[in-house]
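Let me begin by presenting the structure, written as structure tokens, before commenting on it.
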There are 2 protein chains.
Amino acid sequence: MADTDVVRRFNRTYTQRIGALDESFLGLGLPLGLARLVFEVGTSPDGLTALGLRSRLGLDSGHLARQLRSLEERGLVDVRPDPADRRRRVVALTRSGWALRDRLDARSERLAARLVEPLTERQRARLTEALATADLLVRAATVDIRTVDPTEPAAVEAMDSYFAELDRRFPDGFDPGPAEVGDMVAATGGAFVLATSDGGPVASGGIRSLGPEVGEIKRMWVHDEWRGAGLGSRLLRHLEATARDLGHRTVRLDTNRTLTEAIAMYDRAGYRPIERYNDNPYAQAFFEKALDCEVPEGGDKVRRP
Amino acid sequence: MADTDVVRRFNRTYTQRIGALDESFLGLGLPLGLARLVFEVGTSPDGLTALGLRSRLGLDSGHLARQLRSLEERGLVDVRPDPADRRRRVVALTRSGWALRDRLDARSERLAARLVEPLTERQRARLTEALATADLLVRAATVDIRTVDPTEPAAVEAMDSYFAELDRRFPDGFDPGPAEVGDMVAATGGAFVLATSDGGPVASGGIRSLGPEVGEIKRMWVHDEWRGAGLGSRLLRHLEATARDLGHRTVRLDTNRTLTEAIAMYDRAGYRPIERYNDNPYAQAFFEKALDCEVPEGGDKVRRP
DNA sequence: GCCATTCTCTGACTCTAGTCAGAGAACGGC
DNA sequence: GCCGTTCTCTGACTAGAGTCAGAGAATGGC
């Protein structure tokens, strides 16, 4: 059975059986749309702006305005202007809004429990393992990878996580020093690539020029919770393509000896060890890869030179 | 993370990302309901009765009548009385109905392909394996197990499959003989338990009385495609509960030596070998279990005596 | 302070799904 | 042939989701 057949078959099964979990939103006297809103507003303790709600749920502004009023009339939410920008409105759950959300939550929990309940313990463990794997991979597959301005908030957040992790992992800690990523990119005509999921950064990496035809991949980072989903390889491929677009024919990178998974990944992707090419005190391993071979069609495999 | 958390988290991921597969039904100028109907009618080359459609999709009869007429007006289906029972109406796709279905199908295929496309080959294989496992287990968890009249069509179908399989597996074939299940159940005050999924039989088994307090489990069968989903154990538990309701304190069963998985399952469920208690020529192994221990609360594990 | 832009709201719609009661045709057992 | 049952259809609804145009308030750059 082809991959797509499995996906489609699962989809069918799923919408018929677990899909009913969504209906947990029904039956509390609230139409589905309003219940979804309550649930979504409740994901943030301090409330959300109407704009944020609209982008999360993809609603029309008129529609949302009406829905919010309806919730307000039922005493479930407070809607008030955002003090920082009074065009915006901030929506927060009231006490009884929270109570309702708890009931929705309990309902959803019960339905999930009812789904796994008939299974034996062994089967249940298999199911949850399969679902967790599928969850990770589906999320990974739908990650959005693109070149961004390194000063935008999500990019800065990504870099902060990166530095924090290096500081944890390196035996003597890590100090990024004064050279910020933005400067690096701006000064050397490079690019910064960010992978996001649900708006939050999950992986990132930069490219800077070492010379006319030589690029350097810097600061590749993958969020802890996203390891093992092939995100690193995809990001690397994306960075290589970006480097090619920038006119490079070779890319280099350096890394710390302690980052063993990263080194294994570079090896799989066709990178070969070279001599030290800079004086980065945190790097002990240096790699290079020629970009002149086109990535093969549909390309997951990277041809080795 | 608890089992239900995994299910719920997955549910969230899923409805956000793969859920869009359903929307493949949109965008061909047909509202979702009608598209679903076209798809459903197209699952059977000769068409379906309106009744069948209603039970599959859970629609109101008035609603369905209107939807069918709308499809008829668009030239997508033919609706005509069932020659066998002219109260019923048979719905079949027209040529352009089939063409539309093909387009819906292609759309769904493309969306599925787009989902797996970003993954590396390795990740893709992991994903499809996880989804296939989840599919089997979710289906298994939502199987409907109940006591039925053994003469009803699904029950007869189950028994036919059972006999056909024995005939394939036994070295010398198998001949059910004149004693039909229905007779057996009726004559001895037993019961027939059927497990169905989507209306089709997936497992079954019978109980008959051997004496006032002794029941016998007969003809347990699990559909080939449903092996490995714990369905046998669940059916067995159900049969035991049924036997208890019939007043039995002990159940026996016999089986053929070649059915090794079944024997292993009986062992796990607490059955112990006993001496031959009948002259069934196809049986070489005989088991018994005392029912007086209550099944523990929430019970998946069967306590061993 | 002006003005284009951003954000929200209102009014006036459309579409789809779905419910309910009841009529009429066909069927099956007697 | 009668009569209760089964199956489908019609009419008359309701509710929810969503679209679109335009008004009005607040903001930020100049």
Side-chain angles (χ1 to χ4, degrees), chain A residues 15-16 19-20 22-41 47-74 76-92, chain B residues 15 19-20 22-41 47-74 76-92 151-153:
Chain A
T15 43
Q16 273 175 12
D22 269 3
E23 271 130 55
S24 62
F25 280 173
L26 290 171
L28 287 179
L30 220 54
L32 186 63
L34 294 187
R36 256 204 297 255
L37 255 166
V38 168
F39 204 86
E40 201 62 41
V41 172
L48 290 162
T49 64
L51 195 62
L53 274 173
R54 262 169 49 210
S55 78
R56 286 210 206 186
L57 296 173
L59 297 174
D60 173 79
S61 64
H63 194 200
L64 178 65
R66 253 179 295 269
Q67 291 200 303
L68 285 181
R69 199 173 45 228
S70 163
L71 287 179
E72 227 178 345
E73 278 162 10
R74 292 167 205 245
L76 297 170
V77 300
D78 269 338
V79 182
R80 54 189 67 217
D82 182 347
D85 178 346
R86 286 174 34 236
R87 286 171 305 182
R88 275 200 266 263
R89 308 254 271 154
V90 176
V91 188
Chain B
T15 43
D22 269 4
E23 270 128 55
S24 61
F25 279 173
L26 290 171
L28 288 178
L30 218 53
L32 186 62
L34 295 186
R36 257 205 296 256
L37 216 57
V38 167
F39 204 86
E40 201 63 39
V41 172
L48 290 162
T49 64
L51 194 63
L53 274 174
R54 263 169 50 211
S55 77
R56 286 209 206 188
L57 297 173
L59 296 175
D60 173 79
S61 64
H63 193 201
L64 179 64
R66 254 179 293 268
Q67 290 200 304
L68 285 180
R69 197 170 49 226
S70 164
L71 287 179
E72 226 177 345
E73 278 161 10
R74 292 167 205 245
L76 297 170
V77 301
D78 269 339
V79 182
R80 53 188 67 216
D82 182 346
D85 178 346
R86 287 173 33 235
R87 288 171 304 182
R88 275 200 266 262
R89 308 252 271 154
V90 175
V91 188
T151 59
E152 79 171 50

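Residue numbers start from 1 in every chain, and the chains themselves are labelled A, B, ... in the order their sequence lines are given, proteins ahead of strands.
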**Request:** With sequence neighbours excluded, give me every salt bridge (charged side-chain N to carboxylate O under 4.0 Å, His left out) pair touching residues 48-64 of chain A.
**Result:**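 Sorted pair list: A:Glu40-A:Arg56.
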**Request:** Drop me the distance from B:Arg69's CZ to B:Arg66's CZ, to the nearest 0.5 angstrom.
**Result:**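 Answer for the CZ-CZ pair, B:Arg69 versus B:Arg66, is 8.0 Å.
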**Item:** side chain to side chain contact (heavy atoms under 4.5 Å, CB included) against B:Val41, all qualifying residues, sequence neighbours excluded
**Value:**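 By the side chain to side chain contact (heavy atoms under 4.5 Å, CB included) rule, B:Val41 matches B:Leu53, B:Val91, B:Leu93.
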**Item:** Interface residues of residues 59-67 of chain A with DNA chain C (non-hydrogen, below 4.0 angstrom)
**Value:**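 Output list: A:Ser61, A:Gly62, A:Ala65, A:Arg66.
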Ignoring hydrogens, what is the shortest heavy-atom contact between [X] and [Y]? Give both atom names and the distance.
X: A:Leu34; Y: A:Ser70; value: CD1-OG, 3.3 Å
X: A:Arg80; Y: A:Asp78; value: NH2-OD2, 3.6 Å
X: A:Ala50; Y: A:Leu64; value: O-CD2, 3.4 Å
X: A:Leu51; Y: A:Arg88; value: CD2-NH1, 4.4 Å

**Request:** Dump the intermediate steps for side chain to side chain contact (heavy atoms under 4.5 Å, CB included) on B:Gln67 and B:Leu59, then the final yes or no.
**Result:** CA-CA 10 Å; B:Gln67 290 200 304; B:Leu59 296 175; 3.7 Å; yes
**Request:** Considering only heavy atoms of chain A and a distance under 4.0 Å, specify the first and last nucleotide of DNA chain D in 5' to 3' order that meet this criterion.
**Result:**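 Terminal contacting nucleotides, 5' to 3': D:dG16 to D:dT27.
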**Prompt:** Rounded to the nearest Å, what distance is computed from the CG atom of residue B:Leu34 to the P atom of nucleotide C:dC15?
**Reply:**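 Between P of C:dC15 and CG of B:Leu34: 14 Å.
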**Request:** Could you state the atom-to-atom distance from CZ of B:Arg36 to C1' of C:dG18 in whole Å?
**Result:**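 Checked: the CZ to C1' distance equals 12 Å.
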**Request:** Could you tell me, to 10°, how much the axis swings from one end of the helix from C:dG1-D:dC30 to C:dC30-D:dG1 to the other, five pairs per end?
**Result:**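 For the helix from C:dG1-D:dC30 to C:dC30-D:dG1, the axes at either end differ by 30°.
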**Request:** Applying salt bridge (Lys or Arg N to Asp or Glu O under 4.0 Å), name anything that partners B:Arg74, two or more places apart in sequence or on another chain.
**Result:**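 Counting only residues at least two positions away or on another chain, B:Arg74 forms no salt bridge (Lys or Arg N to Asp or Glu O under 4.0 Å).
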**Asked** What pairs with A:Asp85 under side-chain hydrogen bond (donor to acceptor under 3.5 Å, both in side chains), at least two apart in sequence or on another chain?
**Response**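 Scan of A:Asp85 (side-chain hydrogen bond (donor to acceptor under 3.5 Å, both in side chains), adjacent residues dropped) gives A:Arg87.
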**Stepwise side chain to side chain contact (heavy atoms under 4.5 Å, CB included) check, A:Leu76 with A:Leu30** = CA-CA 11 Å; A:Leu76 297 170; A:Leu30 220 54; 4.1 Å; yes
**Prompt:** Which parts of residues 77-92 of chain A get close to DNA chain D, meaning a heavy atom less than 4.0 angstrom away?
**Reply:**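 Going residue by residue through residues 77-92 of chain A, the ones with a heavy atom under 4.0 Å of DNA chain D turn out to be A:Asp85, A:Arg86, A:Arg87.
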